[in-house]
Every structure is written in C-alpha cells, then in structure tokens.
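Right, one structure below, let's go through it.
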Amino acid sequence: MGASTVAKIVSETVIVLWDELQPPHMPTPTREIFQSASDDFYNLWSFPNCVGALDGKHIRIRCPSKSGSMFDNYKKYFSTVLQAVADANYRFLTINVGGHGKQSDGGTFQASGLYRALVEGKLQLPEPTTLPDTNVVAPFVFVADEAYPLMTHLLKPYSGTNLPLDEDCFNKRPSRSRKTVECAFGIMVAKWRVLTKEIETNIELVDHMCVCMLHNTVIDKEAVAAVVVVVVVVVVVVVVVVVVIVVVVVVVVVVVVVVVVEVVVVATAVVVVVVVVVVVVVVVVVVVVAAAAVVVCTKHIYINYAANVYEKINDYFVSSCVDF
C-alpha cells in the first residue's frame, strides 16, 4: 500500500469521524445549548449571562507551499489558528480552524463565521435577562481577552495597568470564566500529543480538526461513566445501610433474649460473633462486586462506542469502494 493510498485513507477517516461524531458531541449551538452553558458558568464560575469563553490557539504545521509568511506566527514557527468557544465544563461549543498564523486573535475572529453570525444577528442567543439580584437587564455574552473587539455579545476586560479598584475587581470575574477555554486547550493537547509536534499534512486536512470533536466525545463518555459510578456507589451505600440495620435488630433481639430468658452468656457471644462475621463478609462481597461492576460498565461503554464508530467508518469505506 503506497503513501498516496495511506494519505487518502487518513483523509477520508478524518472526514468520517467528523461527520459521524460531530452531531451528537458538537452540535450546532441552539438557544437551549447557550442557556445551559450560561447556567453552568453562573453555578461553577459565578459569572452570569455568559454563554462561552472565546480564545485562539496556534497549531504547529509544516509550512504550506507557496504561502510565503502567511503562516509564520509571532512565536517564530508556522501555524494555523484554532479559534474555539468552550463552555464551563471544558467542552468546545464551536470552533473555527484555518486562520493564518500571522494573524492576531482579533483578526482571526473578524474573519470567522462566529463574528459574521454575531454581526448579522444569526446566532441563537437567549434573550437579554436581568442579572441575579438586580433589575439590570443585560445581554448574553462571550468572554474573551484584550485582543478581541468589544461588542454587544462579546465582553473583554478593561485594558491597561493600575486600574481603579472597581475595574480591577470586575476583570477578575471574566478572567475566571475565560480560563475554561485555556484549560480546554490544555486538556486537548495533553490527550492528543500529536498537537505538540509539527503536523506534517496538507492544510486542508488540518482544517477538519476532528481532535476537538474527539475531545468532546471523551468528556461526554467520561460523564456517562461517572453516572454509572454514582449509581453503583448509591446501591452499595443502601446495601450497607440495610445490613447495618439488620445487625442492630439482631443484636437488640439477642439482648432481649438474654435479659428475659437468661440464656447462657457464651451462647449469646457466639451468636453475636457469627452475625458480625456474616455482616463483614456481605459488605466485602458487595464492595468488590460494585468495584468490578464499575470497571466492567466503564470499559463496556468505551468499547461499544469505539466499535460503533469503527463500524461506521468501515461501512463508509466499503460503500466508497476504497481498496485497503
């Protein structure tokens, strides 16, 4: 199998991954998605009416042919810019890939579809609402750093140093919220180490950037696994509580029998010891079974999902008559 065949397979695989996983894990943002993101930002980061944190990241690439200095960035390497909006849980809501490395974050933003949607009013943001505990009506906004322009739905911190106390205090809140997108970039790069090196492929393939979608997929599946763990823990706690109640009842009955019937003390002690041993064994067995169930369920979730994705990719190649 030649290099061109491998390149074609990789290219088509990336496209299939995006087509299959993007709808469930990075759908086009709707009013409900933005409202949910705003609730999370307020609950987790104490910043109301925030629907996402916006920032850009330079992705190192091999310099495309005949591109001159278009992809040469201020860090002295060639890159394309990944602009992303992240929610309060480090998931990407929307991304834009393909900005030239020499552009600033503000320039990349003004050339993006997100900027056009904001300017033309096509983004499905919730209607302006009052800030908590006030009568002030404010629009829903994205938070960004000083490199971005100030807009009705784009909030940036006050610029400069030696700011007045009220402006300095204000800057701390959007800065906390804005860290979510920086953390999302960090988590993504830590998981997908290919991003720490120069991507040696054509710029069109880099533009698909399915890594962001895979990042969301992993977070979503980890959330499902976490729910399974919580359910199992709750079941274990309930079983342990029931066992403890049974033990208490048995002990009370034994004490009553001792007092009323005057059973021999040795016999009573034997009964109590047997009950305690049985309870300990039951608790240990329940904990071990619960731990095994958590591991099996978590692996089952990931394996099934990977199998489904592989099946879809395989079906695509078969239907496209790609010769492996």
Next item on the list: Indicate yes or no for a side-chain donor-acceptor contact from Q22 to the backbone of D19 under 3.5 Å, with no hydrogens or angles considered.
Entry: no
Check: Counting distance only, does the side-chain N/O of N49 pair as donor-acceptor with the main-chain N or O of L131 below 3.5 Å?
Finding: no
Checklist line | Polar contact flag, side-chain donor to acceptor under 3.5 angstrom, S159-E146 | finding: no
Notebook entry, point to check: Any side-chain heavy atom of Y148 sitting closer than 4.5 Å to one from D105?
Noted result: yes
Notebook entry, point to check: Which pair of heavy atoms, one from I33 and one from P27, lies closest together, and at what distance?
Noted result: CD1-CG, 3.9 Å
Next item on the list: Assess the pair H215 and F92: is the distance between their ring centroids shorter than 6.0 Å?
Entry: yes
Note to self: Can you give me the closest heavy-atom contact between D168 and L163, atom names plus distance?
What the structure shows: N-CB, 4.3 Å
Item checked: Side-chain (R173) to main-chain (S46) donor-acceptor, under 3.5 angstrom -> yes
Item checked: Short side-chain to backbone donor-acceptor contact, S67 and M70, under 3.5 Å -> no
Checklist line | N43 CG: over 12 foreign heavy atoms closer than 6.0 Å | finding: yes
Next item on the list: List the atom of L125, the atom of R31, and the distance in Å for their closest heavy-atom pair.
Entry: O-NE, 3.3 Å
Item checked: Same cluster (ILVMFWY, side-chain, under 4.5 Å), L17 and V218 -> yes
Next item on the list: Determine whether V181 and L154 fall in the same hydrophobic cluster, where Ile, Leu, Val, Met, Phe, Trp and Tyr are linked whenever their side-chain heavy atoms lie under 4.5 Å apart.
Entry: no
Next item on the list: Give a yes or no on whether V189 and I95 share a hydrophobic cluster (residues Ile, Leu, Val, Met, Phe, Trp, Tyr; joining criterion: side-chain heavy atoms under 4.5 Å apart).
Entry: yes
Note to self: Quick check on the 6.0 Å ring-centre criterion: do F140 and F34 meet it?
What the structure shows: no
Notebook entry, point to check: How far does SG of C212 sit from NZ of K57, to the nearest 0.5 angstrom?
Noted result: 10.5 Å
Margin query: Just checking F109 against Y115, ring centres under 6.0 Å apart?
Written below: yes
Check: Quick one: does N171's side chain have a donor or acceptor within less than 3.5 Å of a partner on Y158's backbone?
Finding: yes
Item checked: Distance-only side-chain donor-acceptor flag, Q35 / D39, under 3.5 Å -> yes
Check: S112 and Q83: side chain to side chain donor-acceptor pair (under 3.5 Å), yes or no, with the steps?
Finding: CA-CA 9 Å; S112 68; Q83 179 187 271; 3.3 Å; yes
Check: Does any N or O in the side chain of D87 come within less than 3.5 Å of the main-chain N or O of N89, such that one atom is a donor and the other an acceptor?
Finding: yes
Note to self: Donor-acceptor pair, distance only, cut-off 3.5 Å: does the side chain of N216 make one with the backbone of H25?
What the structure shows: yes
Note to self: Do M26 and V211 land in one hydrophobic cluster if side-chain heavy atoms of ILVMFWY residues count as linked below 4.5 Å?
What the structure shows: yes
Notebook entry, point to check: Of all heavy-atom pairs between L155 and L150, which one has the smallest distance, and what is that distance?
Noted result: CA-CD1, 4.3 Å
Checklist line | Flag, side chain of T217 to backbone of M213, donor-acceptor distance under 3.5 Å | finding: yes
Checklist line | Exam field: side chain T80 to backbone G99, donor-acceptor pair closer than 3.5 Å | finding: yes
Next item on the list: Look only at the side chain of K156 and the backbone of A144, and say whether a donor-acceptor pair between them is shorter than 3.5 Å.
Entry: no
Note to self: For a quick test of reading the model, state the closest non-hydrogen atom pair linking W18 to P23 and the distance between them.
What the structure shows: O-CD, 4.1 Å
Check: Closest approach of G101 and N73, non-hydrogen atoms and distance?
Finding: O-CB, 3.2 Å
